[in-house]
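In what follows, a single structure is set out as structure tokens and then discussed.
Just so you know, these numbers use all the heavy atoms, side chains as well, and skip hydrogens, waters and symmetry mates. Predicted model, so just to flag it, every value in this text is computed and none were measured.
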Amino acid sequence: MSGVHRHLGFLLLTEAVLCAAATRFQDVLSHGRTPVTSYKKLQGWSSDQNKWNEKLYPFWEEGDPRWKDCWKGGRVTAKLDTDSPALVGSNVTFVVTLQFPKCQKEDNDGNIIYKRNCTQDPPASQDQQVYVYNWTEWIDNCGWENCTSNHSHNVFPDGRPFPHYPGWRRRNFVYVFHTFGQYYQTTGRSSVMFSVNTANITLGKHVMAVSIYRRGHSAYVPIATASAIYVVTDKIPIFVSMFQKHDRNISDSIFIKDSPITFDVKIHDPTYYLNNSAISYKWNFGDGSGLFVASSSTTSHTYTLQGNFTLNLTVQAIIPVPCRPVTPTAVLPTSAVTTGVSSNSDTSTAVESMEDNPDGGCHIYRNGYYRTGISIVEGILEVNIIQMMSIQMTESQAENSLVDFVVTCQGSLPTDVCTVVSDPTCQVSKSVVCDPIIVTDECLLTIRRAFEEPGTYCINITLGDDTSQALASALISVNGGSSSGTTEGVFIFLGLLAVFAAIGAFVLYKRYKQYKPIERSAGQAENQEGLTAYFSNFKAIFFPNTTERNPLLKSKPGIV
């Protein structure tokens with residue numbers, strides 16, 4: 001009888017040793033990291049203490065030479081992306097993308113197409129050889145029940161069968177995820193996306209690891225691994241963008257006095273966890289204007305003083321949640337003889353309750369915080385074009401039309417000016433000219449620009465300094481400035497003038513010759529004076545005296 005007991009004990013010991021020696025998910029997926037000793041159960045995930053079928057899913061250490069031969073044409077890499085950080089209670093999403101060697105891609109049937117000599121230039125001929133990975137060829141002509149010889153291969157590493165959703169046969173890759181002491185397994189194509197609820201994940205940084213296997217003839221072959229860090233937080237992740245109309249560099253936290261700044265708050269909530277929440281935004285702009293509470297994510301504020309200020313923002317979300325049942329906790333009665341206090345001798349009850357919303361529901365509070373320093377300086381607030389003048393062209397400038405723009409500005413003095421000449425719609429730029437300028441007293445300057453062709457143009461003049469810039473726009477019609485056209489017009493005018501002068505001289509000659517007396521009379525001087533006056537009027541008509549032109553330009557500022 002004792003021999004039977006010894007034999008039974010030996011069998012139990014052998015089984016215990018084999019169980020202890022069995023490969024577990026933790027052994028395959030932990031990659032040397034410290035195991036998690038205690039954790040809360042993730043919905044749809046399993047403990048990594050389960051057994052791993054190493055015969056069907058072999059495990060290779062990093063540096064194993066078999067990695068080089070696991071894929072034809074080169075090494076496959078995997079990229080694991082996440083939309084972390086995630087607010088606790090929301091979902092965090094992961095996306096795995098396989099990156100195949102050059103000249104390979106996955107087709108619509110789940111096969112991997114490998115084009116040989118695809119790097120030739122010019123491309124190879126049509127009879128170029130193409131290699132196709134067709135891992136599902138064995139099931140093309142049979143159903144799930146008839147393929148008994150391969151039935152045992154359609155299982156995960158823990159032995160559970162693949163789900164039978166549409167197209168499952170064409171999903172040739174098995175993805176095994178591991179985090180927080182638990183694993184999740186699924187099949188897919190060359191890219192897979194899934195989400196995890198963070199309600200039972202502790203706050204802080206965690207590592208998500210994934211191992212990818214491809215279908216083989218007798219077993220699944222490991223092809224790639226990847227990992228990514230994700231963050232679970234109880235603070236609402238927020239980002240604030242700031243915009244100001246005349247600010248030259250929005251990333252330097254330097255803004256202009258007396259010009260409104262627009263603040264736009266972005267809440268990182270990719271899974272729309274806060275969609276049904278009441279969200280408020282509490283602003284303190286740091287300039288003594290007090291606390292400002294808004295329900296909109298966008299607001300504006302104008303700083304009227306120069307200096308450095310600290311901006312503080314608190315975003316609060318009231319999140320509706322299901323109410324937990326009220327659980328009464330009975331307190332054990334205590335004998336009055338033992339305690340000597342009669343008030344503790346009754347059976348009182350402690351009740352745990354949740355705070356109610358005004359509408360009777362339950363909710364929790366989550367806050368997000370943003371703090372930054374900004375500087376307020378004097379800047380250019382406005383630019384105006386007060387005058388546009390076409391100037392007389394010299395002979396050397398006759399090919400271009402020159403226009404002077406008289407410009408003023410408000411605020412600080414500019415240090416540079418840029419002129420953009422565009423089409424009449426102000427959409428297509430034709431030329432851009434920028435010049436440094438020195439303005440020491442009053443913001444008043446003249447900008448001279450040349451136009452090669454006649455037409456209508458949109459003019460944008462921008463004045464700027466180190467921190468700000470402002471612009472003014474105008475439409476201008478430029479006349480032709482061609483030298484050949486000008487010369488031709490002058491000759492035509494002179495020709496017509498000579499014809500009229502000859503006709504007038506002939507008429508005058510005939511008239512005065514007919515009435516000219518033989519001898520000088522007393523009225524001769526009178527007639528000569530009349531003739532002189534007549535020719536003076538004629539000369540005044542065709543040859544006006546030179547007058548002062550462009551008197552306003554005498555007092556204009558320096559030309560840029």
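- At least one side-chain heavy atom of V265 sits under 4.5 Å from a side-chain heavy atom of L313.
- Of all heavy-atom pairs spanning F173 and R189, the tightest one is CD1-O, 3.5 Å.
- For S429, the side chain to side chain contact (heavy atoms under 4.5 Å, CB included) test picks out V420, S422, V432, with sequence neighbours left out.
- Rounded to the nearest 0.5 angstrom, N367 CG and K282 NZ are separated by 7.5 Å.
- Applying the ring-ring contact (aromatic ring centres under 6.0 Å, His included) test to Y281 and every residue at least two apart in sequence or in another chain returns nothing.
- Of the options D83, N91, T93, a side chain to side chain donor-acceptor pair (under 3.5 Å) to S195 is made by T93 and by none of the others.
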(request) Show the numbers, then the answer: is there a side chain to side chain donor-acceptor pair (under 3.5 Å) between S90 and R366? (result) CA-CA 12 Å; S90 67; R366 296 295 182 200; over 6 Å; no
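- Rounding to the nearest 0.5 angstrom, the gap separating the CZ atom in F263 from the CG atom in L311 is 5.5 Å.
- Looking only at side-chain heavy atoms (C-beta outward), I212 and L98 come within less than 4.5 Å of each other.
- When every heavy atom of I279 is checked against every heavy atom of A317, the shortest pair comes out as CG1-CB, 4.1 Å.
- In this structure, T97 contributes its side chain and L80 its backbone to no donor-acceptor pair below 3.5 Å.
- Applying the salt bridge (Lys or Arg N to Asp or Glu O under 4.0 Å) rule to K266 yields the partners D264; only residues at least two apart in sequence or on another chain are considered.
- I319 CD1 to L274 CG: the interatomic distance, rounded to the nearest 0.5 Å, is 5.0 Å.
- Under the side chain to side chain donor-acceptor pair (under 3.5 Å) test applied with D158, the options K51, Q185, R24 reduce to a single match, Q185.
- Residue pairs that meet the ring-ring contact (aromatic ring centres under 6.0 Å, His included) test with at least one member in residues 231-250, sequence neighbours left out, do not exist here.
- With sequence neighbours excluded, the residues that form a side chain to side chain contact (heavy atoms under 4.5 Å, CB included) with P424 are T456.
- The side-chain heavy atoms of S297 and I267, taken from C-beta on, include no pair separated by under 4.5 Å.
- Checked against ring-ring contact (aromatic ring centres under 6.0 Å, His included), Y175 has no partners two or more places apart in sequence or in another chain.
- Note: W71 and F100 have parallel aromatic rings, judged against thresholds of 30 and 60 degrees for the angle between ring planes.
- Between atom CG of residue D269 and atom CG of residue N275 there is a gap of 6.5 Å, rounded to the nearest 0.5 Å.
- Closest heavy-atom contact between G368 and I238: C-CD1, 4.0 Å.
- Atom NZ of K41 is surrounded by more than 12 heavy atoms from other residues, nucleotides or ligands within 6.0 Å.
- Under the rule for a side chain to side chain contact (heavy atoms under 4.5 Å, CB included), the partners of T467 that lie at least two apart in sequence or sit in another chain are I254, V377, D465.
- Here D423 pairs with nothing under the salt bridge (Lys or Arg N to Asp or Glu O under 4.0 Å) rule; sequence neighbours left out.
- A 4.5 Å side-chain heavy-atom check between Q26 and Q49 finds at least one atom pair inside the cut-off.
- Considering only residues two or more places apart in sequence or on other chains, Y369 meets the ring-ring contact (aromatic ring centres under 6.0 Å, His included) condition with none of them.
- For N276, the CG atom is loosely surrounded, since the number of other residues' heavy atoms within 6.0 Å does not exceed 12.
- For Y183 and H178, the gap between ring centers reaches or exceeds 6.0 Å.
- For H301, the ring-ring contact (aromatic ring centres under 6.0 Å, His included) test picks out F285, Y303, with sequence neighbours left out.
- In summary, the aromatic rings of F177 and W45 are positioned with their centroids too far apart to meet the 6.0 Å limit.
- Counting heavy atoms from C-beta on, the side chains of S295 and S280 never come closer than 4.5 Å.
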(request) Would you sort out whether E106 and I112 count as a side chain to side chain contact (heavy atoms under 4.5 Å, CB included), showing the intermediate values? (result) CA-CA 4 Å; E106 185 182 40; I112 303 300; 3.8 Å; yes
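- Residues R215 and R171 share a closest heavy-atom pair of NH2-O, 3.7 Å.
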(request) Using the side chain to side chain donor-acceptor pair (under 3.5 Å) rule, take T179 and Y230 through it: C-alpha gap first, then chi angles, then the decisive distance, then the call. (result) CA-CA 10 Å; T179 188; Y230 67 99; 2.7 Å; yes
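- A donor-acceptor pair shorter than 3.5 Å can be found between the side chains of N312 and R371.
- Sorted by first then second residue, the side-chain hydrogen bond (donor to acceptor under 3.5 Å, both in side chains) pairs that include residues 55-66, not counting sequence neighbours, are D64-R66.
- Put simply, the side chain of P163 reaches to within 4.5 Å of the side chain of F156, judged on heavy atoms.
- Here the CZ-OG1 distance, from F59 to T23, works out to 9.0 Å after rounding to the nearest 0.5 Å.
- In this structure, the side chains of V88 and L203 come closer than 4.5 Å at one or more pairs of heavy atoms.
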(request) Before giving the answer on side chain to side chain contact (heavy atoms under 4.5 Å, CB included), spell out for I256 and Q244 the whole-Å C-alpha distance, their side-chain angles and the decisive distance to 0.1 Å. (result) CA-CA 8 Å; I256 306 166; Q244 191 177 41; 3.6 Å; yes
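- One finds the CG atom of D258 at 9.0 Å from the CD atom of Q306 (value rounded to the nearest 0.5 Å).
- Residues V76 and A224 come closest through the heavy atom pair O-CB, 3.7 Å.
- Between S84 and M208, the closest side-chain pair of non-hydrogen atoms is not below 4.5 Å.
- In this structure I250 satisfies the side chain to side chain contact (heavy atoms under 4.5 Å, CB included) test together with D247, sequence neighbours excluded.
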(request) Would you check, one step at a time, whether the test side chain to side chain contact (heavy atoms under 4.5 Å, CB included) holds for F180 with T202? (result) CA-CA 9 Å; F180 216 65; T202 57; 3.3 Å; yes
(message) Determine whether K205 and V231 satisfy the following criterion, side chain to side chain contact (heavy atoms under 4.5 Å, CB included), listing intermediate values before the conclusion.
(response) CA-CA 5 Å; K205 293 182 179 181; V231 178; 3.8 Å; yes
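- Listed here is the closest heavy atom pair of S253 and G373: CB-O, 3.7 Å.
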